[in-house]
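Encoded as structure tokens, the structure appears first; notes follow it.
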Amino acid sequence: MNFLSTFVTFENLHEVRRLCHWGPVIALSVIAICSTMAILDSIIWYWPLDTTGGSINFLMLINWTVLILYNYFNAMFVGPGYIPLGWKPEIQQDTQYLQYCRVCQGYKAPRSHHCRKCNRCVMKMDHHCPWINNCCGHQNHAYFTSFLLLAPLGCSHAAIIFIMTMYTQLYERISFGWSTVKIDMSAVRQFQPLMPFSVPAFAATLFALGLALGTTIAVGMLFFIQMKVILRNKTSIESWIEEKAKDRIQHYQTGEDFIFPYDLGSRWLNLKQVFTWSGTPRGDGTVWPVHPKCHQHTLTIEQLKQKADKRVRSVSTCKYCVLLTNKYNRHGRFQAGLVSCVTLG
């Protein structure tokens, strides 16, 4: 998708309000601080007009910033894709395999889930991300994951610049005594940089270094988590559903052989379901390629089984609580427990 056309063809201008949230404010502030300080420190440490290396370093910094913002804003404004309100499958009989969403007044398509924050059923929902103030799903999964890759790379580059700037600027200002180390920030260097490196500049660089390192570690971990599920053609929610399916089969000893339906058996094929050259993911968000031994509603049927199992376990637990409470009521205890259990049942 073309980034410019995304802004021009806004169906609803209120999408811009997504920026007015603590998540985007913090994320964009970190990007702005790290990018600005990296560019300023590059001028001090490695003036881009003097050498080819300096020019490449400076262009790479600009490149990181542009790519990070490109994928960030696309992840936010393109959105995950929503199931149309009142959606029904083409074959009426398939409704028995699907969950009904009372809020959207329609059925949940395979791999879709209702997001309380967005108040819509989201195609192939992975999670609701506060940093983009939007869901990560079918249409923006590639943009979101690309942002998670580029942000640590850009911050790592910025961190190197911060470290080298502080090292080169402080090297000639440090004096070693018998038991002390002194830093004279007013010392005059032999070759004065275009911009002075004062105490405020040192503090700002040190602060930016902390942000860059923290972002590299935190966002880098999120990237590896996302790639782990993408290479198996899963989402974070589906990984949880799969674990619950194994627990259910083990608990009831049903002997079922649960196969995750959307794993195509090849990491490359799974990767291509999310990342494409055009930037547009494959599929319409309601019908998916599945494993040869599965069908379109394998996972939705499993979700219905887990929902039914949850009701059974809840009723059994509440009945046990009622019996236990009645026993202790003779001694005048657990009266509040009786009320809460009956309400849950």
Side-chain angles (χ1 to χ4, degrees), residues 22-73 75 129 131-132 144-227:
W22 63 266
V25 169
I26 294 177
L28 292 174
S29 297
V30 171
I31 294 172
I33 292 172
C34 291
S35 299
T36 303
M37 288 304 303
I39 291 173
L40 294 177
D41 282 0
S42 289
I43 295 174
I44 296 175
W45 167 58
Y46 207 175
W47 176 238
L49 299 182
D50 286 346
T51 62
T52 303
S55 300
I56 294 174
N57 173 68
F58 193 80
L59 289 176
M60 284 183 64
L61 276 177
I62 302 297
N63 180 63
W64 290 129
T65 304
V66 171
L67 289 176
I68 288 171
L69 291 175
Y70 171 82
N71 286 280
Y72 179 82
F73 284 124
C129 178
W131 304 111
I132 62 173
F144 180 77
T145 308
S146 298
F147 166 73
L148 295 183
L149 170 64
L150 293 167
L153 291 178
C155 286
S156 298
H157 185 190
I160 294 173
I161 293 174
F162 297 148
I163 293 172
M164 292 306 299
T165 301
M166 289 189 292
Y167 173 77
T168 55
Q169 292 298 312
L170 296 179
Y171 181 76
E172 295 182 5
R173 305 170 191 242
I174 300 177
S175 60
F176 297 90
W178 285 103
S179 59
T180 60
V181 178
K182 296 181 180 180
I183 302 176
D184 185 6
M185 295 299 292
S186 63
V188 179
R189 297 188 63 199
Q190 184 177 359
F191 301 100
Q192 282 290 339
L194 184 65
M195 297 174 57
F197 191 74
S198 57
V199 174
F202 171 75
T205 300
L206 194 62
F207 176 71
L209 175 62
L211 287 180
L213 293 177
T215 301
T216 300
I217 295 172
V219 180
M221 290 176 63
L222 292 176
F223 170 73
F224 282 110
I225 293 173
Q226 282 297 311
M227 286 304 300

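The figures that follow rest on heavy atoms only: side chains count, while hydrogens, waters and symmetry mates do not. Quick caveat: nothing in here was measured; it's all calculated off a predicted structure.
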Could you tell me whether the side chain of Ile132 reaches within less than 4.5 Å of the side chain of Phe147, counting heavy atoms only? no
Which heavy atom in Phe223 sits nearest to a heavy atom in Leu148, and how many Å separate them? CB-O, 3.7 Å
Kindly list each side-chain donor-acceptor pair under 3.5 angstrom involving residues 208-222, sequence neighbours excluded, with atom names and distances?
residue: Thr215; atom: OG1; partner: Leu211; partner atom: O; Å: 2.8
residue: Thr216; atom: OG1; partner: Ala212; partner atom: O; Å: 2.7

Step by step, work out the side chain to side chain contact (heavy atoms under 4.5 Å, CB included) result for Ile62 and Ile39. CA-CA 8 Å; Ile62 302 297; Ile39 291 173; 3.8 Å; yes
Which atom of Phe144 lies closest to which atom of Cys129, heavy atoms considered: CE1-SG, 3.7 Å
May I have all residue pairs that pass side chain to side chain donor-acceptor pair (under 3.5 Å) and include part of residues 24-44, sequence neighbours excluded? Ser35-Thr65, Asp41-Thr205, Ser42-Asn57
Evaluate the side-chain proximity of Trp22 to Trp131: yes if any heavy-atom separation is below 4.5 Å, no if none is. yes
Return the CD1 to OG1 distance between Ile160 and Thr165, rounded to the nearest 0.5 Å. 11.5 Å
Of the non-hydrogen atoms in Ala38 and Ile161, which two are nearest, and what is the gap between them? O-CG2, 3.8 Å
Beyond-backbone contact of Leu150 with Tyr72, side-chain heavy atoms, under 4.5 angstrom: no
Between Ala201 and Met37, which heavy-atom pair has the shortest distance, and what is it? O-CE, 4.4 Å
Show the nearest heavy-atom pair for residues Trp64 and His157, with the distance to one decimal. NE1-ND1, 3.1 Å
